[in-house]
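These notes are about the structure you will find just below.
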Amino acid sequence: KDWFLLLIRTLLIVLLVLLFARPEQKQEEGKEGDIAIYIDNSLSMSVSNGNVSKFEEAKRQAINLLKSLDFNKRIFLSNAAEVPGKSNYVFRDQAIKRLKELQVTKSRFGLSKALIDADFSDVYIFSDLQKGQIDMNEVQQDSITRYHILKSSNLDYCNTFIDSVWIEDSNSEGDKI
């Protein structure tokens, strides 16, 4: 009878230790089966045709993609304004929330090397593919990762601006031109 009581007490203590220790499984970065989503939130994506900007259209497409995924699917969410790390791994609902809060920024890190080197099953890139933003030579095709590049140029955008204006020859009499 004393052995049974001792066993119950020992199991109770082990259970309490495990409860307070909160053991977690270490998750590998970019393990096969995970997907990565890169959304370009650089200033070039803020161009609009009057109705919707390239950035808003890319966000809408990314959110629709996320809604089609299983709720417990791990997603690596990255953008042009942040250096990727472990905090980029989220689940579907967290990813949707982060995308809704994401804004256009002038910071520009480009497509991360970590995103390219990790072993994701699918990588979705939402960008206008501005020069310097994404170097397609860095993307090495393999049999594990499928790259889905969704270029936001389906709308007709005018991206012309005047950088500076000056008068080359001034009027010697000081008249206004």
Side-chain angles (χ1 to χ4, degrees), residues 1-43 45 54-129 133-152:
K1 187 175 182 177
D2 291 331
W3 286 104
F4 182 70
L5 190 58
L6 179 64
L7 180 66
I8 296 292
R9 287 180 182 169
T10 305
L11 287 175
L12 183 63
I13 290 172
V14 169
L15 191 66
L16 286 173
V17 168
L18 286 175
L19 179 72
F20 288 111
R22 300 181 115 196
E24 293 181 9
Q25 258 188 327
K26 186 176 179 181
Q27 296 178 339
E28 298 175 30
E29 288 187 27
K31 96 179 166 185
E32 189 178 344
D34 292 343
I35 69 163
I37 295 177
Y38 172 83
I39 186 159
D40 182 358
N41 62 336
S42 63
L43 287 176
M45 292 288 285
K54 291 180 181 182
F55 177 68
E56 291 300 323
E57 180 62 23
K59 272 180 34 173
R60 185 190 61 74
Q61 290 175 352
I63 289 170
N64 286 342
L65 169 70
L66 287 168
K67 287 180 179 178
S68 71
L69 299 174
D70 189 26
F71 75 94
N72 61 355
K73 183 82 163 169
R74 264 183 17 132
I75 299 153
F76 183 85
L77 187 62
S78 182
N79 62 69
E82 65 184 7
V83 179
K86 290 187 185 269
S87 65
N88 292 83
Y89 285 95
V90 293
F91 292 104
R92 184 190 71 184
D93 293 338
Q94 295 168 310
I96 291 171
K97 182 181 177 193
R98 284 189 186 183
L99 277 178
K100 287 180 178 178
E101 295 170 354
L102 191 62
Q103 299 294 318
V104 173
T105 182
K106 65 180 179 179
S107 293
R108 196 166 169 173
F109 288 106
L111 186 62
S112 165
K113 188 92 170 118
L115 187 67
I116 293 170
D117 290 342
D119 292 328
F120 297 106
S121 60
D122 290 285
V123 175
Y124 294 88
I125 300 170
F126 296 89
S127 178
D128 58 355
L129 301 175
Q133 182 71 12
I134 297 176
D135 184 4
M136 294 310 291
N137 294 326
E138 288 183 9
V139 177
Q140 296 181 8
Q141 295 293 323
D142 60 20
S143 61
I144 298 172
T145 305
R146 292 180 301 268
Y147 291 92
H148 309 273
I149 301 172
L150 300 130
K151 185 177 179 186
S152 359

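Note that the numbering runs from 1 along the sequence shown for the chain. All heavy atoms count here, side chains included; hydrogens, waters and symmetry mates do not. These numbers were taken from a predicted model, which means no experiment stands behind them.
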Practice problem: Can you sort out the partners of Arg60 under salt bridge (charged side-chain N to carboxylate O under 4.0 Å, His left out), two or more places apart, ordered by chain and number? | Solution: Glu57

Quick one: [atom1] on [X] to [atom2] on [Y], what's the gap to the nearest 0.5 Å?
X: Thr10; Y: Leu5; atom1: OG1; atom2: CG; answer: 9.5 Å
X: Leu99; Y: Ile39; atom1: CG; atom2: CD1; answer: 5.5 Å
X: Leu11; Y: Leu6; atom1: CG; atom2: CG; answer: 9.5 Å
X: Asp93; Y: Asn72; atom1: CG; atom2: CG; answer: 10.5 Å
X: Leu77; Y: Ile35; atom1: CG; atom2: CD1; answer: 9.5 Å

Quick check: closest heavy atoms across [X] and [Y], and the distance to 0.1 Å?
X: Leu65; Y: Phe126; result: CD2-CZ, 4.2 Å
X: Asn79; Y: Tyr38; result: C-CE1, 3.7 Å
X: Ser127; Y: Met45; result: C-SD, 4.0 Å
X: Ala95; Y: Val90; result: CB-CG2, 3.6 Å
X: Ser42; Y: Val104; result: O-CG1, 3.5 Å

Practice problem: Spell out, as yes or no, whether a donor-acceptor pair under 3.5 Å connects the side chain of Arg74 to the backbone of Tyr89. | Solution: no

Quiz prompt | Test item: Lys59 side-chain N/O and Leu102 main-chain N/O as donor-acceptor pair under 3.5 Å | solution =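 Indeed, once roles are kept as given, a pair shorter than 3.5 Å links the two residues.
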
Quiz item: Taking side chain as C-beta onward, heavy atoms only, is Ile75 less than 4.5 Å from Arg92?
Solution: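 Result yes, sub-4.5 Å side-chain heavy-atom pair found.
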
Quiz item: Would you say the side chain of Ile37 lies within less than 4.5 Å of the side chain of Leu66, judging by non-hydrogen atoms?
Solution: yes

Self-check item: By side chain to side chain contact (heavy atoms under 4.5 Å, CB included) - contacts of Lys67 (at least two apart)
Solution: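 Only Ile63, Ile96 meet the side chain to side chain contact (heavy atoms under 4.5 Å, CB included) criterion with Lys67.
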
